Number of protein chains: 2
Amino acid sequence: MNGNNHVKSEDALREYNVNEFVTPDGYTSDIAIFTITSEKKQEYKPPIMELKIMLIKRALVNAEEKPNIEGGKWALPGGFVSHNEAGGYDAALRELAEETGVKGLHLKHFGVYDKPGRDPRGWIISNAHYAIVPERYLANRKAADDAIEVELFTLKEVFSLSLSFDHMKIIEDAIKIIKRDIAETTVAKHFLPKEFTASELRVLLQLVINEPVVKEDSAFSRKIGKLPFIEVVKQRDGSLKKSQRNSKTPSQLYKFKDINEEEFVRSIYSAKY
Amino acid sequence: MNGNNHVKSEDALREYNVNEFVTPDGYTSDIAIFTITSEKKQEYKPPIMELKIMLIKRALVNAEEKPNIEGGKWALPGGFVSHNEAGGYDAALRELAEETGVKGLHLKHFGVYDKPGRDPRGWIISNAHYAIVPERYLANRKAADDAIEVELFTLKEVFSLSLSFDHMKIIEDAIKIIKRDIAETTVAKHFLPKEFTASELRVLLQLVINEPVVKEDSAFSRKIGKLPFIEVVKQRDGSLKKSQRNSKTPSQLYKFKDINEEEFVRSIYSAKY
DNA sequence: CCAAAAGTGTTGAGCCTACACCCATGA
DNA sequence: TCATGGGTGTAGGCTCAACACTTTTGG
């Protein structure tokens, strides 16, 4: 399976022979890029939002004019981890920056796909990530070398496509995880502008989480200001900052507090039911 | 970096050459095995519990009598994913069964460690998992081929050891994750017998989560029965099943309901604060 | 002044905390 | 009967759901 002989010599251990164990044939990072398209139907109306995922169409031939693996199918953006990168997350960051032209976007690793046979080229291991990218950054997207087309699909649309490799399974998992994360963590903030109105957050949550987890009532606007991870935005002079972008009535702007998500533990045993 | 030529031929794509990209030198699965030692000081007293992690001491020489990499240091149990396994999780399951002699234990993947340089032998990728193993299964533990010693360490002790590779970092991450999981999911059940008393669960939670997340009061025994994922244990005839193992007064036994953890979403937006 | 979104007032229900107290049992 | 862990009774407080209602504003 392997003819590799690359050994870093270290003190007495230089006898080690890498031949002794099996090695993968490749190591890649794939990214499920989510965005929410936000369409303003009219002035003074909350926007119509839709959750979409960005896919690329794999080229029919590669750079050397040879037939490309899984060419012509839609796939998650991604690629091989190159040797000068500090691992799969780094590679995913680079891919994400290449696809969107923007750095510093939200990216999270959520799984490893390593079943032999998932890629016809050999035993290729994929690190799966999801990214949240505000719609405006996808405007200036550009196709990478081996991609010929880029497109946003609704979740419904994506399930009717024929995807490359095991990307359908990866996307299914990504959707589950992003839904859970939006409900249970504050990642929703990456879909929203820094300062947002109660209705914007409410529409987003109802879009992603169907359940009656979010009260549709006016109760939400009353509760949002009391949530421990959200605060009202004030102006310099201390007065409340409001916006009229969704209604004639000025509505309060909120923002997510700068908290350490890691330390924000909500025990199921002390929760109130 | 690579001399590999293993290509699965597939329809028109047989021209593909694996040489074109960089491959890892190895793919391993490591497991942080947690257990809670439960010492009964006296009859009719709740046990004294302590959270521990199982480590192995790497042999000084390997099977071929050559000096072993990182020999003599404590390390997480684990090993290379072999070619007939369906990926890293499978390999971890095998390792866990080998270390404990028991199958079907709780095992969860929580991260990938793939920074070049983390292993002196080359670019070796590790899938990190944590396992929860009831203490009794660690009694009949046996050292694997390349291990000479097995020992349980308290979390305090482990931080004063010199560990192999980046295992200290992996363990730190594992501890964070298992603490969060115990607070936010029902994995605590894997530390407990199927039927447990309120005090057993309370001691466990207080052991792992220091915060005042769990009220020390008698309030806990009142609340536990109302938690949506726990139910009281009844006897055949419908009467409540009680135990006297921790006190002279018979105390109620509880068990975790069989729920789908995945679908048990607790939105931070609808939570009560 | 109308329409529409934002937000307030109010009431009753349910859960939580705290504290005091009772219960069951082996020694 | 005592010591001890387990469990109950109750009052006050807080949050929440629900419903009706008011406010703000551009057109």
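Quantities reported herein were computed from a predicted structural model and do not represent experimental measurements. Letters A, B, ... mirror the listed sequences (proteins, then strands); counts begin at 1.
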Q: May I ask you to say whether A:Glu231 pairs ionically with A:Lys255, meaning some side-chain N is under 4.0 Å from a carboxylate O?
A: yes
Q: With heavy atoms under 4.0 Å as the rule, sort A:Lys226 into base, sugar-phosphate or nothing.
A: nothing
Q) Just how far, in rounded Å, is P of D:dG6 from CG of B:Leu253? A) 12 Å
Q.
With a 3.5 Å cut-off and heavy atoms only, can you find an N or O donor on one side and an acceptor on the other between the side chain of B:Thr249 and the base of D:dT4?
A. no
Q) What is the nucleic acid contact for A:Gln252, judged by heavy atoms within less than 4.0 Å: base, sugar-phosphate only, or nothing? A) sugar-phosphate
Q | Value in whole Å for how far the P atom of D:dG5 lies from CD1 of B:Ile48 | A | 11 Å
Q) Per the salt bridge (Lys or Arg N to Asp or Glu O under 4.0 Å) rule, which among B:Lys189, B:Arg245, B:Lys241, B:Lys234 passes with B:Glu195? A) B:Lys241
Q. Can you check whether A:Ser199 has a side-chain N or O nearer than 4.0 Å to OP1 or OP2 of C:dA6?
A. yes
Q. How many angstroms lie between NZ in A:Lys242 and CG in A:Leu253, if you round to the nearest 0.5 Å?
A. 9.5 Å
(Q) Rounded to the nearest 0.5 Å, what separates atom CD in B:Glu172 from atom NE2 in B:His167? (A) 13.0 Å
Q: For A:Ser218, answer base if it contacts any base atom (sugar-phosphate contacts may also be present), sugar-phosphate if it contacts only those atoms, and nothing otherwise; contact means non-hydrogen atoms under 4.0 Å.
A: base
Q: Mind calculating the distance between CZ (A:Phe196) and P (C:dA6) to the nearest angstrom?
A: 14 Å
(Q) Once hydrogens and angles are ignored, does a donor-acceptor distance under 3.5 Å link the base of D:dG5 to the side chain of B:Ser247? (A) no
Q) Rounded to the nearest Å, what distance is computed from the CD atom of residue A:Glu43 to the C1' atom of nucleotide C:dA5? A) 14 Å
(Q) Looking at B:Gln244, I'd like to know whether one of its side-chain N or O atoms comes within less than 4.0 Å of OP1 or OP2 on C:dG26. (A) yes
Q: Report yes or no: do B:Asp173 and B:Tyr113 form a side-chain donor-acceptor pair below 3.5 Å?
A: yes
**Q.** NZ or CZ of A:Arg266 within 45° of A:Phe264 ring axis and under 6.0 Å
**A.** yes
Q.
Rounding to an integer number of Å, can you tell me how far A:Tyr44 OH sits from C:dA6 P?
A. 13 Å
Q: Round to a whole Å and report the spacing from CZ of A:Phe220 to C1' of D:dC16.
A: 15 Å
**Q.** Side-chain donor/acceptor of B:Arg245 to base of D:dG5, under 3.5 Å
**A.** no
Q. What is the distance from NZ of A:Lys242 to C1' of D:dT25, rounded to the nearest Å?
A. 13 Å
Q) Reckon B:Thr197 touches a base, only the sugar-phosphate, or nothing at all at heavy-atom distances under 4.0 Å? A) nothing
(Q) Does a side-chain N or O of B:Lys248 approach OP1 or OP2 of C:dA27 to a distance below 4.0 Å, or not? (A) no
**Q.** Side-chain N or O of B:Lys45 closer than 4.0 Å to phosphate OP1/OP2 of D:dG5
**A.** yes
Q) Once you round it to whole Å, what is the distance between P of C:dT17 and NZ of B:Lys272? A) 13 Å
Q) Among C:dC16, C:dA27, D:dG6, which nucleotide sits nearest the side chain of B:Lys223? A) C:dC16
Q. Under 3.5 Å, is there an N or O donor on one side and an acceptor on the other linking the side chain of A:Arg222 and the base of C:dG9?
A. yes
